[in-house]
> 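Below is one structure. I have some questions about it.
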There are 2 protein chains.
Amino acid sequence: MKNNFRSGCPIASTLDIIGDKWSLLILRDMLFHHKTTFKEFSSSDEQIAPGILSSRLKLLISYELITKQKLEHNKKENIYLLTEKAIELSSILIDISIWGDKHLRELNKIDDIEGLDLERSVIISTVKQRYYSMVQNIKIIK
Amino acid sequence: MKNNFRSGCPIASTLDIIGDKWSLLILRDMLFHHKTTFKEFSSSDEQIAPGILSSRLKLLISYELITKQKLEHNKKENIYLLTEKAIELSSILIDISIWGDKHLRELNKIDDIEGLDLERSVIISTVKQRYYSMVQNIKIIK
DNA sequence: ACAATTACTACTAAAACAGTAGTAATAAAT
DNA sequence: ATTTATTACTACTGTTTTAGTAGTAATTGT
């Protein structure tokens, strides 16, 4: 797909991949809410349009942040799963969550997130562990 | 300014403020490269257009992430400085930098950043300390 | 066999971004 | 003192991205 990076800066380059309006929210839904299907991504509070969701999933696949697979005994649904590369974005997502929780309450009604008061490293390892467990329990076709 | 948040999610809300194509790069230039003027922001590798820079600076001011001030003995230049709220985004910017440095080398030629191999907490406190020192040495009009 | 669900694609409208040119105020050079 | 250069923008046009809705094919459930 498109590979036009604005510069060699690691921050700019990362933003060129996941710095759009939706990618990190899709990854959030996968990592924290264990969503796996197009339908589930479509049903989040933020109401992503199907065309945008479709194009973003394709981009995330092309960057190897997610994979698209099939379940056994189900030819209709596609299952999207995070790669290790994307799971390593956990710390960024959690830092963003902590920052928003702390600083945006005067601008917007912010949802309370359970466990966000725990130590950062504990949150990160718990989130990752839960995701790995979820993946282990689903039967995908190899 | 515009205050339409997509949801109450702290991640979505944070992205509604700084999740555009340029805000984090402006904050990066301020925090890491100690840039303070419109001219300096215009001259970064990524080539932001003046109209976009202008509108983003206004938004960042409205969210109280930066302030606009004047230097003593200089009526022309405007000096933009980070607020504490924005300085607390340091950890996010550093995590993004570390992730990009680690994962994007096969997609793009990534610049080597000095000191990025140090421990995360050390990087964060060093960056903050350097920024505070820089601010202390400039004479702004109160 | 029929209805519902899933995963999209297609289309049009609206918004954001890109690129260039131009202007007013101040500062520097002659 | 006058001209030139710099800074910080605004204004404008064109392109790209995003939003929103409608529709379709394949599969699954009843």
Side-chain angles (χ1 to χ4, degrees), chain A residues 1-7 12 15-26 29-30 35-62 66-81 138-141, chain B residues 1-7 12 15-26 29-30 35-62 66-81 138-141:
Chain A
M1 302 259 169
K2 69 162 182 184
N3 258 33
N4 33 9
F5 289 95
R6 283 175 286 182
S7 72
L15 294 177
D16 285 337
I17 284 183
I18 51 154
D20 68 292
K21 204 168 166 182
W22 293 104
S23 293
L24 282 176
L25 296 187
I26 296 169
D29 281 346
M30 296 177 80
K35 293 186 179 180
T36 57
T37 62
F38 197 96
K39 171 104 191 309
E40 287 176 313
F41 302 137
S42 299
S43 70
S44 68
D45 284 352
E46 295 88 8
Q47 303 250 57
I48 186 169
I52 296 169
L53 177 56
S54 177
S55 73
R56 274 292 135 187
L57 289 171
K58 280 173 184 150
L59 272 177
L60 292 171
I61 289 168
S62 82
I66 64 175
T67 61
K68 182 179 182 176
Q69 295 177 282
K70 293 278 182 190
L71 281 179
E72 284 178 9
H73 316 304
N74 187 331
K75 289 176 180 160
K76 188 165 59 166
E77 286 183 313
N78 294 316
I79 299 294
Y80 295 93
L81 295 176
I138 62 175
K139 309 280 187 197
I140 54 171
I141 298 174
Chain B
M1 301 258 168
K2 69 162 181 186
N3 259 32
N4 32 9
F5 288 95
R6 283 176 286 182
S7 73
L15 294 178
D16 285 337
I17 284 184
I18 51 156
D20 69 293
K21 204 167 168 182
W22 293 104
S23 293
L24 281 176
L25 296 188
I26 297 168
D29 282 346
M30 296 177 80
K35 292 186 180 181
T36 57
T37 62
F38 196 96
K39 172 108 189 304
E40 287 174 313
F41 302 137
S42 299
S43 69
S44 69
D45 284 353
E46 295 86 8
Q47 302 249 57
I48 186 168
I52 297 168
L53 176 55
S54 176
S55 73
R56 274 293 135 184
L57 289 171
K58 280 175 185 151
L59 272 176
L60 291 172
I61 290 168
S62 83
I66 64 174
T67 60
K68 182 180 182 177
Q69 295 177 281
K70 293 278 182 191
L71 283 177
E72 283 179 9
H73 315 304
N74 188 330
K75 287 176 182 163
K76 187 165 61 167
E77 286 182 314
N78 293 315
I79 299 295
Y80 296 93
L81 295 176
I138 62 175
K139 309 281 186 196
I140 53 172
I141 297 174

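The sequence lines fix the lettering, A, B, ..., with proteins before strands; numbering per chain opens at 1. Fair warning: this is a prediction, and the values are worked out from it, not measured in the lab.
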> Round to the nearest Å and state the distance from Asn4(B) atom CG to dA19(D) atom P.
11 Å
> Can you tell if the side chain of Phe38(A) reaches within under 4.5 Å of the side chain of Lys68(A), non-hydrogen atoms only?
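With C-beta onward as the side chain, the pair stays apart.
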> Would you check if Lys58(B) and Ser54(B) make a side-chain contact, meaning some heavy-atom pair closer than 4.5 Å?
yes
> What is the distance, to the nearest angstrom, from the CG atom on Asp20(B) to the C1' atom on dT18(D)?
14 Å
> Does dT6(C) have OP1 or OP2 sitting under 4.0 Å from an N or O in the side chain of Lys39(A)?
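Answer yes for this pair, as a side-chain N or O of Lys39(A) is under 4.0 Å from OP1 or OP2.
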> By nearest nucleotide on DNA chain C, pick out whichever of His73(B) and Ile79(A) is the more 5' one.
Ile79(A)
> Do Met30(B) and Phe41(B) have side-chain heavy atoms sitting under 4.5 Å apart?
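Yes, their side chains come closer than 4.5 Å.
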> Taking for each residue the nucleotide of DNA chain C with the nearest heavy atom, is it Lys75(B) or Thr37(A) whose nucleotide lies nearer the 5' end?
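Its nearest nucleotide being more 5', the pick is Thr37(A).
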> I'd like to check Leu71(A) versus Glu77(A) (side-chain heavy atoms, cut-off strictly below 4.5 Å). Are they in contact?
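Side-chain contact under 4.5 Å: yes.
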> Please report the distance, rounded to the nearest Å, between CD in Gln47(B) and P in dT20(C).
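Taking atom P of dT20(C) as the reference, CD of Gln47(B) is at 9 Å.
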> If I take atom CG in residue Asn74(B) and atom C1' in nucleotide dT26(C), what distance separates them, rounded to the nearest angstrom?
8 Å
> With heavy-atom distances below 4.5 Å as the criterion, would you say the side chains of Asn78(A) and Thr37(A) are in contact?
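Asn78(A) vs Thr37(A): side chains apart.
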> Tell me the interatomic distance from Leu71(B), atom CG, to dA8(D), atom C1', rounded to whole angstroms.
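One finds 14 Å between C1' of dA8(D) and CG of Leu71(B), rounded.
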> Side chain of Lys76(A), base of dT5(C): donor and acceptor closer than 3.5 Å?
yes
> Would you find more than 12 non-hydrogen atoms of other residues, nucleotides or ligands less than 6.0 Å from Lys39(A) atom NZ?
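Not more than 12 within 6.0 Å, no.
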> Roughly, in whole Å, what's the span from CG in Leu59(A) to P in dT17(D)?
10 Å
> Specify the separation, in whole Å, of atom CD of Glu77(B) and atom C1' of dT26(C).
10 Å
> Hey, does Leu15(A) have a side-chain heavy atom less than 4.5 Å from the side chain of Trp22(B)?
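Result no, sub-4.5 Å side-chain heavy-atom pair not found.
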> Can you give one letter per nucleotide of nucleotides 8-14 of chain C, going 5' to 3': B for a protein heavy atom under 4.0 Å from the base, S for sugar-phosphate only, - for none?
BB-----
> Starting at CD1 of Ile66(B) and ending at C1' of dA8(D), how long is that distance when rounded to a whole Å?
14 Å
> Give a yes/no answer on whether the side chain of Trp22(B) brings an N or O atom under 4.0 Å of OP1 or OP2 in dA16(C).
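It does not, given that no N or O in the side chain of Trp22(B) lies less than 4.0 Å from OP1 or OP2 of dA16(C).
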